[in-house]
Amino acid sequence: MEKDCTFCKIVNGETDTQFLYQDDTLVVFRDINPHAPVHLLVVPRKHIRSINDLEKEDSTIISHLITVAKEMARQEAVDKSGYKLLFNVERGGGQLIFHLHLHLIGGW
Ligand code: AMP
Ligand code: ZN
């Protein structure tokens with residue numbers, strides 16, 4: 001848990017954010033400022049700043065994020081129409097919250 005990290009607070013249940021899915025590794029919730037009809041965030045419980053900070057042992061977390069994102073796309077019925085999976089990396093890459101997260105965007 002990183003002090004003053006918005007997503008650490010969310011994954012630790014310190015906010016009223018509704019989870020669409022959660023397990024020991026990650027949580028999924030809706031983006032508060034959606035860029036598309038479906039815009040979910042898949043967020044590991046572990047505080048990792050960005051893709052740049054991934055360690056070798058984090059590879060199972062990343063594969064799990066993607067696998068759960070695929071399941072969420074099906075659950076949100078955007079799997080057939082198509083969707084984007086996106087990591088913004090650091091400021092120049094559009095990252096605003098420095099706790100790793102995968103955007104699932106679709107439903108156009
Ligand atoms: P990024 O620009 O990749 O860091 O994305 C951060 C995303 O988090 C943005 O799309 C925000 O709209 C979203 N966001 C920020 N605070 C919250 C929150 N409390 N609940 C849900 N989504 C949030
Ligand atoms: Zn954090």
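Heads up: numbering here begins at 1 and tracks the sequence. Each ligand, and each atom within it, is numbered from 1 in the order the structure gives.
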Is there a heavy atom of Arg30 sitting under 4.0 angstrom from any atom of ligand 1?
yes
Identify whether the distance between the nearest side-chain nitrogen and carboxylate oxygen of Glu90 and Arg49 falls below 4.0 Å.
yes
Quick check for you: with the Zn ion (ligand 2) as the vertex, what angle do ND1 of His99 and SG of Cys8 span, to 10°?
110°
Quick check: Phe29 and ligand 1, any N/O pair under 3.5 Å apart?
no
Contact (N/O only, under 3.5 Å) between His39 and ligand 1:
no
Tightest non-hydrogen contact, residues Asn88 and Gln95, listed as O-OE1, 3.4 Å
Quick one: CG on Leu102 to CE on Met72, what's the gap to the nearest 0.5 Å?
11.5 Å
When you compare ligand 1 with His103, is there at least one nitrogen or oxygen pair between them that comes in under 3.5 angstrom?
yes
Check ion pair Asp24-Arg45 (N to O, under 4.0 angstrom):
no
For Asn88, the ligand 1 atoms with a heavy-atom partner under 4.0 Å come out as 1 (P), 2 (O), 3 (O)
Is there a nitrogen or oxygen of Thr6 sitting under 3.5 Å from a nitrogen or oxygen of ligand 1?
no
Ligand 1 N/O within reach of Ile97 N/O, cut-off under 3.5 Å
yes
Would you say the side-chain atoms of Asn12 pair up with the backbone N or O of Glu14, donor to acceptor, closer than 3.5 Å?
no
Would you mind telling me if ligand 1 is within reach of the side chain of Thr17, the backbone, both or neither, using heavy atoms under 4.0 Å?
neither
Around atom CD of Gln18, are there more than 12 heavy atoms of other residues, nucleotides or ligands at under 6.0 Å?
no
Just to be sure I read this right, does ligand 1 sit under 4.0 Å from the backbone of Thr15, its side chain, both, or neither, counting only heavy atoms?
neither
Angle at the Zn ion (ligand 2), ND1 of His47 to SG of Cys5, rounded to 10 degrees, please.
110°
For atom 4 (O) of ligand 1, what is the nearest protein heavy atom, given as residue, atom name and distance?
Leu96 N, 2.7 Å
With a 4.0 Å heavy-atom cut-off (strictly under), which part of His101 contacts ligand 1: side chain, backbone, both or neither?
side chain
Heavy-atom side-chain contact between Ile48 and Asp58 under 4.5 Å
yes
Whether over 12 other heavy atoms sit under 6.0 Å from Lys70 NZ:
no
4.5 Å side-chain heavy-atom contact, Val43 and Leu26
no
Atom 10 (O) of ligand 1: the protein heavy-atom neighbour that sits closest, reported with distance to 0.1 Å:
Asp31 OD2, 2.5 Å
The protein heavy atom nearest to atom 21 (C) of ligand 1 is Ile32 N, 3.4 Å
Between Gly94 and ligand 1, does any nitrogen or oxygen pair lie at a separation below 3.5 Å?
yes
Please determine whether any non-hydrogen atom of Phe7 lies less than 4.0 Å from an atom of ligand 1.
yes
shortest atom 19 (N) of ligand 1-to-protein heavy-atom contact is with Ile10 CD1, 3.7 Å
Contact summary for Ile105 and Ala36, nearest pair of heavy atoms
CG2-CB, 3.4 Å
With atoms numbered from 1 as shown, which atoms in ligand 1 lie under 4.0 angstrom from a non-hydrogen atom of Asn33?
12 (O)
Taking N or O atoms only and a 3.5 Å limit, does Leu41 qualify as a polar contact for ligand 1?
no
Going by the angle between their ring planes, with limits at 30° and 60°, are Phe7 and His101 parallel, tilted or perpendicular?
perpendicular
Is any NZ, NE, NH1 or NH2 atom of the basic residue among Arg30 and Glu76 found under 4.0 Å from an Asp or Glu carboxylate oxygen of the other?
yes
